[in-house]
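This structure is a prediction, so every number in the text was calculated from the model and none was measured.
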Amino acid sequence: MMKKEPLVFNPSSKPFTLGVELELQVLDAESLLLTPRAHEIIDGLALESLKKEFFKSTLEVITGICDDVHVVKKDLHYSLEQVRTKATELGLKISSTGTHPEADYRERTINSSVRFNELTDRNQWMIRRTAIYGMHIHVGMPSADFAIEFSNFLLHFVPHVMALSASSPFWQRMDTGLAAARPTIYESMPTSGMPNVVKDWKQFQKLYNSLTSTNSIGSMKDLWWDIRPSPAFGTIELRICDEPATLEEALAIAAFVHMLALWFEDHKEEWNAKHKSILYWVLRENKWRAIRYGLHGEIIVKGNKKPIAIKDDVRYWLTELEPYVHKCNYAQYITALNKILDSGNSALRQQQVYANSNDLHEVTRFNVKEFEDGLAI
């Protein structure tokens with residue numbers, strides 16, 4: 001029997017760099033409904049930052065390797081302005097929320113490729129439902145074992161980033177009653193949702209070998225966990241965020257995650273000593289509360305006798321992260337985070353529009369306007 005090659009993690013040449021990926025909705029400018037024309041924008045601009053996704057109505061925008069969120073902002077702003085200009089020329093609009101309020105997934109057209117055809121064949125109806133949109137954040141890691149430790153730390157903040165980004169209260173023209181319907185759709189896939197918890201890279205390699213040897217996955221790209229290592233890039237990838245409604249909110253959440261990484265580098269031993277075991281049911285319960293209630297969800301926090309509102313725990317962590325706000329010059333992003341905490345996330349704003357109008361098309365129109373106005377930052 002041939003011995004398996006070890007899964008090699010290539011540490012980031014500059015730890016704690018960032019990469020951000022946005023999944024955007026491509027809409028017909030008149031109807032504001034999804035249209036399978038993302039390729040026209042991609043072909044028309046020929047930018048390395050624009051990629052095709054599973055559905056033809058989805059446009060992915062990615063950054064390069066960025067030292068901090070200031071560079072992410074410059075990178076994304078340039079790409080998004082180019083996208084908006086080209087979209088206007090083509091009679092298209094762009095929107096940036098976790099779901100399209102009026103869309104029917106049964107009407108979506110899939111891009112044809114070897115990879116996408118294999119996914120369709122394996123996952124059938126379940127993957128055809130994933131006409132949903134998210135933001136992924138990569139953080140460069142100094143070593144494989146640090147990546148696993150940071151991933152375990154970041155699991156405690158899944159409800160925080162989910163609640164801040166929540167923008168998918170409507171699905172198939174229904175008010176789901178959830179702040180974020182997108183995760184419930186995505187985690188139905190067999191290799192999605194909360195990751196298996198391991199203590200170090202050796203354990204992860206063992207898990208990975210089991211998954212590949214049983215044909216559960218073909219490679220790392222088949223692991224669609226909320227948080228996963230990306231060995232080729234030397235990063236930990238946070239995949240749980242709904243696509244934020246505005247660039248301002250996307251940058252604020254990326255800054256929050258970046259500061260958490262810098263905090264963990266300085267406080268790793270202290271944190272690990274207090275969190276020697278991870279209760280999976282607590283992580284899962286906290287995730288559900290963020291899905292259902294957004295920032296008003298109350299989560300279970302180690303050391304607290306009573307659950308605490310997610311928005312209050314975000315505020316607590318913003319005080320903990322204050323040294324890194326100054327170090328990175330992130331005051332503008334903290335202002336944006338506080339704006340979400342004070343005024344509500346996209347899900348709440350959409351629900352308010354619907355409550356006032358009783359018209360989902362008004363919600364769609366509102367989402368398009370928020371995206372366009374957000375590019376003015």
Side-chain angles (χ1 to χ4, degrees), residues 18 20 69 72 98 134-137 139 150-169 178-180 182-183 194 226-227 236 238-264 266-267 271 274-275 282-349 351:
L18 297 170
V20 176
V69 178
V72 171
M135 174 174 72
H136 301 167
I137 303 170
V139 184
F150 178 61
S151 178
N152 291 341
F153 166 73
L154 204 54
L155 281 172
H156 296 271
F157 297 91
V158 162
H160 303 65
V161 295
M162 178 183 291
L164 288 165
S165 68
S167 63
S168 55
L178 308 176
R182 171 186 164 272
M194 298 293 291
D226 298 340
I227 303 171
I236 281 295
L238 178 70
R239 301 166 51 84
I240 193 58
C241 296
D242 273 5
E243 177 58 38
T246 67
L247 178 58
E248 179 183 57
E249 289 173 314
L251 297 172
I253 294 166
F256 183 60
V257 172
H258 192 212
M259 290 187 292
L260 286 173
L262 298 175
W263 184 94
F264 185 69
D266 293 339
H267 299 84
W271 173 272
K274 292 180 179 179
H275 299 80
V282 171
L283 297 176
R284 189 66 188 84
E285 176 66 17
N286 285 348
K287 177 183 176 180
W288 159 245
R289 296 182 185 192
I291 288 172
R292 171 64 181 88
Y293 300 105
L295 288 165
H296 295 291
E298 293 188 338
I299 55 172
I300 303 162
V301 177
K302 186 177 179 65
N304 288 57
K305 292 183 179 180
K306 294 182 179 180
I308 181 172
I310 296 173
K311 65 190 304 182
D312 292 337
D313 206 46
V314 173
R315 292 190 195 279
Y316 164 78
W317 276 97
L318 290 183
T319 62
E320 284 288 303
L321 297 172
E322 195 168 337
Y324 305 94
V325 177
H326 298 296
K327 179 179 179 180
C328 300
N329 192 26
Y330 278 179
Q332 62 184 300
Y333 308 119
I334 300 305
T335 298
L337 286 170
N338 280 317
K339 182 179 174 183
I340 301 172
L341 297 175
D342 293 337
S343 303
N345 56 25
S346 170
L348 181 61
R349 298 194 299 273
Q351 288 165 333

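- Once rounded to the nearest 0.5 Å, the distance linking CG of L154 with CG of N152 reads 10.0 Å.
- Shortest non-hydrogen contact noted between G344 and L348 is CA-CD2, 3.8 Å.
- Across all their heavy atoms, N345 and G294 have their closest contact at ND2-CA, 4.4 Å.
- The structure places CG of N286 at 7.5 Å from CD1 of I310, a figure rounded to the nearest 0.5 Å.
- Partners of A336 by side chain to side chain contact (heavy atoms under 4.5 Å, CB included), not counting sequence neighbours, listed by chain and number: E248, A252.
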*Working for side-chain contact (heavy atoms from CB on, under 4.5 Å), residues I340 and V314*: CA-CA 11 Å; I340 301 172; V314 173; over 6 Å; no
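- Put simply, the side chain of S167 gets close to the backbone of E243: a donor and an acceptor are under 3.5 Å apart.
- For the residue pair A331 and V325, the shortest heavy atom distance occurs at N-CG1, 3.8 Å.
- Scanning for salt bridge (Lys or Arg N to Asp or Glu O under 4.0 Å) contacts around K327 gives an empty result, with sequence neighbours left out.
- A donor-acceptor distance shorter than 3.5 angstrom exists from the side chain of Y330 to the backbone of V69, with no hydrogens or angles considered.
- Considering CE of M259 and CD1 of I334, their distance stands at 3.5 Å, rounded to 0.5 Å.
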*Apply side-chain contact (heavy atoms from CB on, under 4.5 Å) to H160 and F256, showing your working.*
CA-CA 10 Å; H160 303 65; F256 183 60; 4.1 Å; yes
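- Listed by chain and residue number, T246, R349 satisfy the side-chain hydrogen bond (donor to acceptor under 3.5 Å, both in side chains) test with E249 (two or more places apart in sequence, or in another chain).
- Checked against side chain to side chain contact (heavy atoms under 4.5 Å, CB included), L283 has the following partners two or more places apart in sequence or in another chain: L155, H156, M194, I278.
- By the side chain to side chain contact (heavy atoms under 4.5 Å, CB included) test, Y293 is found to be paired with no residue, residues two or more places apart in sequence or in another chain being considered.
- From L260, atom CG reaches atom NE2 of H267 across 12.0 Å, with rounding to the nearest 0.5 Å.
- Considering only residues two or more places apart in sequence or on other chains, Q332 meets the side chain to side chain contact (heavy atoms under 4.5 Å, CB included) condition with H70, K73.
- Sequence neighbours left out, the pairs with a member in residues 289-316 that pass salt bridge (charged side-chain N to carboxylate O under 4.0 Å, His left out) are E285-R289, R315-D342.
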*Show your working on side-chain contact (heavy atoms from CB on, under 4.5 Å) between I240 and I227 and close with a plain yes or no.*
CA-CA 7 Å; I240 193 58; I227 303 171; 5.9 Å; no
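- The shortest non-hydrogen separation linking A180 to S168 is CA-OG, 3.2 Å.
- For D226, the side-chain hydrogen bond (donor to acceptor under 3.5 Å, both in side chains) partners are K287, not counting sequence neighbours.
- In this structure, I253 and P244 approach most closely via the heavy-atom pair CD1-CG, 4.2 Å.
- Here the closest heavy-atom approach between residue I137 and residue A254 is recorded as CD1-CA, 3.9 Å.
- Checked against side-chain hydrogen bond (donor to acceptor under 3.5 Å, both in side chains), S346 has the following partners two or more places apart in sequence or in another chain: Q350.
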*Run the side-chain contact (heavy atoms from CB on, under 4.5 Å) check on L318 and L341 step by step: do they pass?*
CA-CA 11 Å; L318 290 183; L341 297 175; 4.2 Å; yes
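- In this structure, S165 contributes its side chain and M162 its backbone to a donor-acceptor pair below 3.5 Å.
- With sequence neighbours left out, the side-chain hydrogen bond (donor to acceptor under 3.5 Å, both in side chains) criterion links N304 to no other residue.
- Two rings, from W271 and H275, have their centers less than 6.0 Å apart.
- Among F157, F264, Y324, the one residue that satisfies the ring pair (Phe, Tyr, Trp, His ring centres under 6.0 Å) test with W317 is F157.
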